[in-house]
Amino acid sequence: MSGTSRLSGRQAKAVALLEDARSQLGKLDFPLQLPGAVETRAQAIAALGQLDDYIIPRYRSLDAPLLAVVGGSTGAGKSTLVNALVGRPVTRSGAIRPTTRQPILLHHPDDAAWFTSTRVLPTLARVRGEPVAANTPASRAGAAPDPNAMGSLVLVADPAVPAGIALLDAPDVDSVAAANRALAAQLLAAADLWLFVTTANRYADAVPWRLLVDAAGRDILVGVVLDRVPAGAEAEVGDDLRGMLEREGLAGAELFVVPESDLDALGMLPSATVEPVRDWLAAISAHATDRAAIARRTLDGTIRSLAGTVRELSRASLEQHEASLQLADDVQAAYADAADHIARATSDGTLLRGEVLSRWQDFVGTGEFFRALESGIGRVRDRIGAFFKGQPAPAVKVETAIETGLQAVIVAQAARAAEDADQRWRADPAGRQLLGADDLSGLPATFPAEAAAEIRGWQQDVLALIRSEGAAKRSRARLLSFGVNGLGVILMIVVFSFTGGLTGIEVGIAGGTAVVGQKLLEAIFGEDAVRRLAQQARHSLQERCQSLLAAQQQRFLGRIGSLNRGAAPFVERLDRLADSLATLGSRP
C-alpha cells in the first residue's frame with residue numbers, strides 16, 4: 001500500500017489546503033430561511049462529506065484502487081448486473097424494493113487493506129462479508145435488506161473482481177426512502193468512476209439525469225448501462241440515449257446496451273450480455289498508469305467542482321449576513337426609538353408631574369419655598385437649610401415617587417419596543433422562522449423588578465456623586481447641613497427639569513422649584529460642579545436604561561447568532577479559498 005507512504009511536498013500543501021477548506025466549510029451556518037436556504041445547507045453538507053469521503057483520501061492515496069460505484073434508479077437491475085460481472089450471485093436481487101439497503105463493496109483479495117481501513121467513506125462502519133455458497137439464488141445472496149444497517153459497508157473479497165478496481169453496489173438514487181437516496185448520493189460522490197444503470201423505459205427520468213449532469217461537471221469517467229432493451233430496439237434507443245448524453249456534456253461516456261434476457265434458475269443474466277462491461281472494467285484495471293490517469297481526472301474535476309461550490313456557499317453566506325443585518329437593524333431601530341423616548345421623558349420635565357411633583361412639593365414645603373423665591377436665592381438657601389434642619393418631609397418619599405414614575409416610563413417603552421420588533425420580524429419570512437412559535441412581543445415577568453432595581457442603583461449613584469463632591473472641606477459643612485439624601489433628591493429633580501414638555505402652571509411649579517434647587521446646589525458646590533454632577537447623573541441613568549433595553553433586545557438578536565459579526569473577512573477567505581482550489585491539480 002504505497003498510498004500510506006509519506007506525502008510529497010506538493011501533496012502535503014494540497015492536503016493542507018483541502019483540510020483548510022473542510023475547516024472553513026464546517027464553520028458555515030445558514031440559519032435564516034431565505035430562498036434556497038434548504039438547498040444551500042444540503043450543498044454545504046454534501047461538500048463536507050465529499051471532502052471526507054473522497055477528495056482528501058484520494059489526494060493522500062493517489063495510487064489506491066479505483067472505486068467504481070454501480071448506481072441507478074429503482075428496479076434498473078444494478079444488483080443483477082453486479083452479479084453478472086462477478087459470475088455468480090454475490091448481492092441480493094429480486095422483485096421486492098428496495099433490495100439494496102446495505103451497500104456492498106466487492107474487491108480483489110489483494111486490495112483488502114485499502115478498504116478495510118476508513119481511508120474512504122470513513123463514516124460507514126465496516127462489516128466483513130463472505131462469498132455466498134454455491135448454487136445460492138440471487139434472491140437470497142448477500143445481506144438481507146435491513147434499514148438499521150444503512151450506516152455500514154459490507155466488504156466482500158472475491159478473486160473474480162479485477163485487482164485495482166472495486167465495485168460498490170449502491171442503493172437506488174430515486175428510492176422512496178430518503179435515507180437510501182442520501183446514501184446513494186454519498187456513495188456516488190465518493191466514486192472514481194460511475195457505472196450507471198438505467199432501463200429502456202426509464203432512461204429519460206429526471207433524477208438520474210441530475211446525477212449524470214453532476215458527473216459531467218466533475219469530469220468523472222462514466223459507463224452507462226442501458227438495461228432490458230427489447231429485441232430490435234437496440235439501435236433506436238441507444239442512439240437516443242447517446243444524443244442525450246452528448247447534449248449534457250457526457251459525449252465521452254461509454255454506453256453499454258444489455259438486451260432484455262431471461263434469468264437462469266439462480267437469477268443470473270447470460271454472461272455474454274455483460275461481456276462488454278466486464279471487458280471495459282478489466283481494461284481499466286489492467287494498467288496502473290491508466291488507473292492513475294482516471295483517478296487524477298476525477299479528482300481534479302471534483303476539486304474544480306468544489307471550488308465552484310465554495311463560491312456559491314460564499315455568496316449564500318453573504319446573503320445570510322446581509323439578511324441578518326436587516327433583522328438586527330429592525331430590532332435595534334425599535335429599541336433605539338424606545339431609548340430616545342426614555343431620554344426625552346427624563347429630560348423634558350415629563351417626570352415632574354403627578355406623584356413626583358406632589359412629593360417634591362411636600363419635600364420643599366410649597367408655601368415657604370415660593371415666598372422665599374421672591375426674596376432671592378440667599379434667603380431661599382437659608383430658609384431651606386433651616387427647614388431641613390428641622391423636621392423635613394422624608395427625602396425617601398421623593399426617591400420612591402421618582403422610582404415609580406421612572407419605572408413606568410421604562411416599562412412602557414420597553415414593551416412598545418418588544419411589540420414593534422416582534423411585528424417587524426413577523427413581516428419577514430426569515431424573522432418569522434427565527435421566532436417560530438415564540439411570542440416576544442411582551443416583556444418577561446421579571447422586567448419591572450429589574451427596571452426598579454436599576455433605578456435604585458441609579459439613585460445610589462447620585463448619592464455617591466453628592467458624597468464625593470461634598471468631601472471637599474469648603475462644602476462639607478453645607479453638605480452636612482442639607483443632608484446627602486436631600487441634596488441627592490434635588491440633583492435628581494434638576495436632571496429631570498428641562499421643561500420642554502411642561503405647559504401652563506406646571507412650568508411655574510415644577511420648573512420653578514427645579515431652578516431654585518439648581519441654584520441651591522450651585523450655592524453649595526459651585527456652578528461648574530453642579531453642571532458636571534448633572535451630566536454625570538444623566539449619563540449614569542442613560543447607561544442603566546441602555547443596559548435594560550440591551551438585555552431585552554438580546555432576546556431577538558440572540559436568535560441571529562454570529563451571522564452579523566465578522567462576515568466580510570470570512571466571505572473574503574472563502575473566495576480566496578475557492579480561487580486556490582480552482583488552480584489545484586493532482587499532477588505530480
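On a predicted model such as this, the values are computed, not experimentally measured, just so you know.
Not a single donor-acceptor pair under 3.5 Å links the side chain of Arg228 to the backbone N or O of Val258. Trp425 places a side-chain N or O within 3.5 Å of a backbone atom of Leu327 that can act as its donor or acceptor partner. Judged by distance alone, with hydrogens and angles left aside, the side-chain atoms of Arg126 form a donor-acceptor pair with the main-chain N or O of Ser117 at under 3.5 Å. Although no hydrogens or angles enter the test, the distance criterion places a donor-acceptor pair under 3.5 Å between the side chain of Ser580 and the main chain of Arg576. Side-chain atoms of Gln33 do not come within 3.5 Å of backbone N or O of Gln433 as any donor-acceptor pair. A distance-only check finds no donor-acceptor pair linking the side chain of Asp330 to the backbone of Ala421 [under 3.5 Å]. Side chain of Gln50 to main chain of Leu48: no donor-acceptor pair is present (N/O by atom type, distance under 3.5 Å, no hydrogens or angles). Side-chain N or O atoms of Gln553 include none that pairs as donor or acceptor with a backbone N or O of Ala334 at under 3.5 Å. Here the side chain of His287 pairs no donor or acceptor atom with the backbone of Thr289 at under 3.5 angstrom. In terms of modelled atom types and a separation under 3.5 Å, the side chain of Gln11 and the main chain of Tyr59 share a donor-acceptor contact.
Under the rule for a side chain to side chain donor-acceptor pair (under 3.5 Å), the partners of Asp240 that lie at least two apart in sequence or sit in another chain are Tyr203. Under the rule for a side chain to side chain donor-acceptor pair (under 3.5 Å), Arg291 has no partner lying at least two apart in sequence or in another chain. Qualifying side chain to side chain donor-acceptor pair (under 3.5 Å) partners for Asp111, counting only residues two or more places apart in sequence or in other chains: none.
Across all their heavy atoms, Ser324 and Leu32 have their closest contact at N-CD1, 3.6 Å. For the residue pair Ala160 and Val86, the shortest heavy atom distance occurs at CB-O, 3.4 Å. Closest approach of Tyr54 to Leu299, counting heavy atoms only: OH-N, 3.3 Å. The shortest heavy-atom contact between Leu51 and Pro57 is O-CD, 3.5 Å. For Ala47 against Leu25, the heavy-atom pair with the smallest separation is CB-CD1, 4.0 Å. Closest approach of Phe256 and Gly223 over heavy atoms only: CE1-CA, 4.3 Å.
A donor-acceptor contact under 3.5 angstrom links the side chains of Arg555 and Gln552, judged on distance only. Defined by atom type and a distance below 3.5 Å, a donor-acceptor pair is missing between the side-chain atoms of Ser73 and Asp205.
With rounding to the nearest 0.5 Å, the separation of CH2 in Trp209 from CG in Leu211 is 11.5 Å. In this structure, CG on Asn83 lies 10.0 Å from CG on Leu266, to the nearest 0.5 angstrom. In this structure, OG1 on Thr123 lies 8.5 Å from CG on Leu183, to the nearest 0.5 angstrom. Note: Asp214 CG to Leu188 CG = 9.0 Å, rounded to the nearest 0.5 Å. Separation of atoms CG (Leu155) and CG (Leu168) is listed at 9.0 Å; rounding is to 0.5 Å. To the nearest 0.5 Å, atom OG of residue Ser285 and atom CG of residue Leu66 are 8.5 Å apart.
Remark: Arg559 is not positioned above the aromatic ring of Phe556, lacking an NZ or CZ atom under 6.0 angstrom from the ring centre and at most 45 degrees off the axis.
Considering only heavy atoms from C-beta on, Arg181 stays 4.5 Å or farther from Val207 through its side chain. Under the 4.5 Å side-chain criterion, counting only non-hydrogen atoms from C-beta, Asp290 is not in contact with Ile284. Residues Val331 and Ile560 have side chains not in contact (no heavy-atom distance under 4.5 Å, counting atoms from C-beta outward). When side chains are defined from C-beta on, Leu281 counts as touching Leu167, because their heavy atoms get closer than 4.5 Å. For the pair Leu574/Leu28, a side-chain contact is recorded, criterion being any heavy-atom separation below 4.5 Å from C-beta on. Two residues are said to be in side-chain contact when any heavy atoms from C-beta on lie closer than 4.5 Å; Val69 and Leu195 fail this criterion. Using a 4.5 Å cut-off on side-chain heavy atoms (C-beta onward), Leu106 and Asp169 make no contact. At a threshold of 4.5 Å between non-hydrogen side-chain atoms, the residues Arg119 and Ser61 count as touching.
Checking each of Asp300, Asp53, Asp192 against Arg58 for a salt bridge (Lys or Arg N to Asp or Glu O under 4.0 Å) leaves exactly one that passes, namely Asp192.
Sorted by first and then second residue, the side-chain hydrogen bond (donor to acceptor under 3.5 Å, both in side chains) pairs involving residues 14-24 (not counting sequence neighbours) are Glu19-Arg60, Asp20-Gln24, Asp20-Arg573, Arg22-Asp52. The list of salt bridge (charged side-chain N to carboxylate O under 4.0 Å, His left out) pairs with a residue in residues 241-258, not counting sequence neighbours, reads Asp239-Arg242.
Salt-bridge annotation for Asp420 and Arg424: present, with a side-chain N of the basic residue lying under 4.0 Å from a carboxylate O of the acidic one. Salt-bridge annotation for Asp172 and Lys78: present, with a side-chain N of the basic residue lying under 4.0 Å from a carboxylate O of the acidic one.
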Point to revise | Working for salt bridge (charged side-chain N to carboxylate O under 4.0 Å, His left out), residues Asp422 and Arg426 | key: CA-CA 6 Å; Asp422 186 87; Arg426 292 198 183 280; 2.9 Å; yes
Exercise for review: Just do the salt bridge (charged side-chain N to carboxylate O under 4.0 Å, His left out) check on Arg41 and Asp29 with the steps written out, would you?
Suggested key: CA-CA 8 Å; Arg41 293 183 196 113; Asp29 187 18; over 6 Å; no
Point to revise | Test log, rule side-chain contact (heavy atoms from CB on, under 4.5 Å), inputs Leu226 and Thr199 | key: CA-CA 5 Å; Leu226 184 59; Thr199 61; 5.8 Å; no
N/O donor to acceptor pairs below 3.5 angstrom from side-chain atoms of residues 302-314, sequence neighbours left out:
from: Thr302; atom 1: OG1; to: Arg218; atom 2: NE; distance (Å): 3.0
from: Thr302; atom 1: OG1; to: Arg218; atom 2: NH2; distance (Å): 3.3
from: Thr302; atom 1: OG1; to: Thr298; atom 2: O; distance (Å): 2.7
from: Thr309; atom 1: OG1; to: Ser305; atom 2: O; distance (Å): 3.1
from: Arg311; atom 1: NH2; to: Asp579; atom 2: OD1; distance (Å): 2.8
from: Glu312; atom 1: OE1; to: Gln43; atom 2: NE2; distance (Å): 2.6
from: Ser314; atom 1: OG; to: Val571; atom 2: O; distance (Å): 3.4
from: Ser314; atom 1: OG; to: Asp575; atom 2: OD1; distance (Å): 2.8

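Within a 6.0 Å radius of CD in Glu236, other residues, nucleotides and ligands contribute 12 heavy atoms or fewer. The environment of Lys27 atom NZ is dense: over 12 non-hydrogen atoms of other residues, nucleotides or ligands sit within 6.0 angstrom.
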